[in-house]
K.L.:
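Shown below is the structure under consideration.
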Amino acid sequence: MEVQLQDGIVIYWWIISGAIIIVGVIFGIRWAYKNGQFNEDIKYQIFETMDDDMYIDDEKERQRRMEEKAKQREDRIRKDQEDQS
């Protein structure tokens, strides 16, 4: 059994399927944004153990602690480079 479509109807199927995909992607990005999936501070969670202070509610205090940890990390890297020299 062969399906015969009218001339020109196939483009409408492509348009409809493309629109559905675009809407799905938009909803996926919206969901990810609302659930904190684009949080740049997560990279510190990967490299540091017991780094739960990034979940502090006060933004200024959290930022201060993150900067402090970054400085400690830079100092440790600098010290390791000096030891290798």
Side-chain angles (χ1 to χ4, degrees):
M1 183 171 166
E2 196 173 307
V3 177
Q4 294 291 329
L5 297 176
Q6 296 175 2
D7 289 340
I9 193 110
V10 174
I11 189 68
Y12 294 111
W13 284 109
W14 279 106
I15 291 171
I16 290 169
S17 64
I20 290 171
I21 290 170
I22 290 172
V23 168
V25 167
I26 289 171
F27 275 109
I29 290 173
R30 182 175 172 260
W31 173 86
Y33 179 76
K34 285 188 170 192
N35 289 297
Q37 300 298 311
F38 299 117
N39 182 0
E40 286 294 320
D41 294 336
I42 197 72
K43 61 187 171 190
Y44 300 116
Q45 190 73 12
I46 294 170
F47 296 113
E48 295 290 327
T49 57
M50 305 300 287
D51 198 12
D52 294 329
D53 58 351
M54 72 177 266
Y55 298 108
I56 297 172
D57 289 334
D58 183 25
E59 183 68 28
K60 289 181 182 177
E61 178 65 19
R62 188 178 107 212
Q63 183 66 29
R64 186 189 64 77
R65 287 189 185 182
M66 296 300 258
E67 289 172 356
E68 182 179 306
K69 285 189 181 265
K71 183 168 180 3
Q72 289 173 357
R73 196 173 299 114
E74 289 171 3
D75 291 343
R76 189 174 357 135
I77 291 170
R78 190 176 301 115
K79 183 181 177 217
D80 289 345
Q81 288 175 348
E82 289 174 359
D83 289 345
Q84 290 178 357
S85 297

K.L.:
Distance check, rounded to the nearest 0.5 Å: Arg78 atom CZ versus Glu82 atom CD?
P.N.:
7.5 Å
K.L.:
Looking at CG of Asp75 and CG of Asp80, how far apart are the two atoms once the value is rounded to the nearest 0.5 Å?
P.N.:
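Asp75 CG to Asp80 CG: 11.0 Å, rounded to 0.5 Å.
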K.L.:
Side chain to side chain contact (heavy atoms under 4.5 Å, CB included), that's the test. Do Arg73 and Arg76 meet it? Break it down for me.
P.N.:
CA-CA 5 Å; Arg73 196 173 299 114; Arg76 189 174 357 135; 4.1 Å; yes
K.L.:
Could you give the distance from CD1 (Ile15) to CD1 (Ile20), rounded to the nearest 0.5 Å?
P.N.:
12.0 Å
